[in-house]
Amino acid sequence: MQDEIISLKEQILVAIAGAADADALEAVRIRHLSRNGSLPQLLEKMSTVPKEQRPIVGKAANEAKNAIAAAYESRKTELTAAAEAADFDPTLPGRYEAPGSLHPVLQVRDRAIEIFRRLGFALADGPDIENEVFNFDALNTPPDHPARNEQDTFYLKEDGLAPSLGLAAGSVGGRRLMRTQTSTVQIRTMLERQPPIRIIAPGRCYRRDEIDATHGMSFFQMEGLVVDEGVTLADLKGTLEYFFRELLGGDLKFRFRPHFFPFTEPSFEVDCARTGSQVKGKEWLEISGCGMVDPEVFRQVGYDEEKYTGYAFGFGIERIAIMRHGIPDLRFFTENDVRFLRQFSTRLDG
Ligand code: DAH
């Protein structure tokens, strides 16, 4: 029986190798492998084999089945490829493969990076999963500040981590959370290096906002920080106005409106208007927060607040993209509708 199996196996393997096309291979399959084919017929006789021989015969049967299945599949693949190659008609028009393109928000981010690079800013980075200390304490936002409310922020579920005491108290412990702002990178950078500092830090932020036309639970910000001797508010104004004019183009007017941020003093919100243009019935649109670095922040990171001054700013990249392109709803950015995205394709054929 064992010999019979081996010899049939050889015979079938030869037949498979010799099948010249898909039809011939199918004929081999029907003759040898289908329900009434030679192989199943032979293997049916296994039941008549004496018990002590069964392991040997069984093994031969399995080997035969495996070898035949493998040979059959590989011959089939070969024949299909050959048939496709034979069908190839070089005169047919090519198939269109849509080229990918950067997401419109990332396009604005990259354009912003380019402009700041020309102004001598370096790129800095920090993690999305942050420590309470870097997100709040060190940015002069104490534990009782409403921004720390569990309602506003995503905390990671980690039992046993105590709320932080802050950097000044020597603590970098505390709960972990999804960063709510890229201002965290200010602290990380200043702890690592000494002035002069001139960085931008683009990245994702997270907040427990109700999702609507102008809010999402995740969005991009770009942070900026400049620290040196003799840095003034005039530097901040000049840099930001130049930047937004380069990015948004044309005849823009700016307004630095006094505001409050915990880590800058004085602080401003920057409003911007384009002559003769209104968005949603409003002339002025708020585009950025900014201010002079609060001396308390310098104390937190161990900088000499008598020697250094600095400015910082932060803005939402989606909002700038909306202004630049006149997009009515933030949700377009995350719905992945190609009809929307294609309009921002940098490839003309995309
Ligand atoms: N982090 C602020 C926010 O998310 C934005 C901001 C305001 C950043 C003022 C700054 C700044 O660096 O100076 O609302």
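When a ligand or atom number is given, it counts from 1 through the structure's own listing order.
Atoms of ligand 1 lying under 4.0 Å from at least one heavy atom of Ser183, given by number and element, are 1 (N), 8 (C). Close contacts of ligand 1 with Gln186, meaning ligand atoms under 4.0 Å from a residue heavy atom, involve 12 (O). When each atom of ligand 1 is checked for a heavy atom of Thr264 under 4.0 Å away, the hits are 13 (O).
Within the 4.0 Å heavy-atom criterion, neither part of Glu269 lies near ligand 1. The proximity of Ala312 to ligand 1, defined as any non-hydrogen pair under 4.0 Å, involves the side chain as well as the backbone. Contacts of Phe315 with ligand 1, taken as heavy-atom pairs under 4.0 Å, are absent altogether.
In terms of polar-atom proximity, defined here as any N/O pair under 3.5 Å, Gln221 does make such a contact with ligand 1. Looking at ligand 1, you won't find any N or O of Phe261 less than 3.5 Å from one of its N or O atoms. The shortest N or O to N or O distance between Gly224 and ligand 1 is not below 3.5 Å.
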Salt bridge (charged side-chain N to carboxylate O under 4.0 Å, His left out) between Glu130 and Arg188, intermediate numbers included:
CA-CA 11 Å; Glu130 257 297 358; Arg188 289 182 170 272; 2.5 Å; yes
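Taking both residues in full, the closest heavy atoms of Leu248 and Met323 are given as CD1-CE, 4.1 Å, listed atom of the first, atom of the second, then distance.
Given atom 14 (O) of ligand 1, the protein heavy atom at minimum distance is Arg207 NH2, 3.9 Å. In this structure, atom 5 (C) of ligand 1 lies nearest to the protein heavy atom Gly314 O, 4.0 Å. If you check which protein heavy atom lies closest to atom 12 (O) of ligand 1, you get Glu223 OE2, 2.6 Å. With hydrogens left out, the protein atom closest to atom 11 (C) of ligand 1 is Phe263 CE1, 3.4 Å, a heavy atom. Closest to atom 2 (C) of ligand 1 among all protein heavy atoms lies Gln181 OE1, 3.6 Å.
Side chains of Ser218 and Arg204: a donor-acceptor N/O pair is present below 3.5 angstrom, by distance only.
One hydrophobic cluster, built from ILVMFWY side chains closer than 4.5 Å, holds both Ile199 and Phe261.
Because its NZ or CZ atom is not both nearer than 6.0 Å to the ring centre of Phe254 and within 45° of the ring axis, Lys237 does not count as a cation-pi partner of that residue.
Assignment of Arg179 to the shell around ligand 1 is not supported, since no heavy atom sits closer than 4.0 Å.
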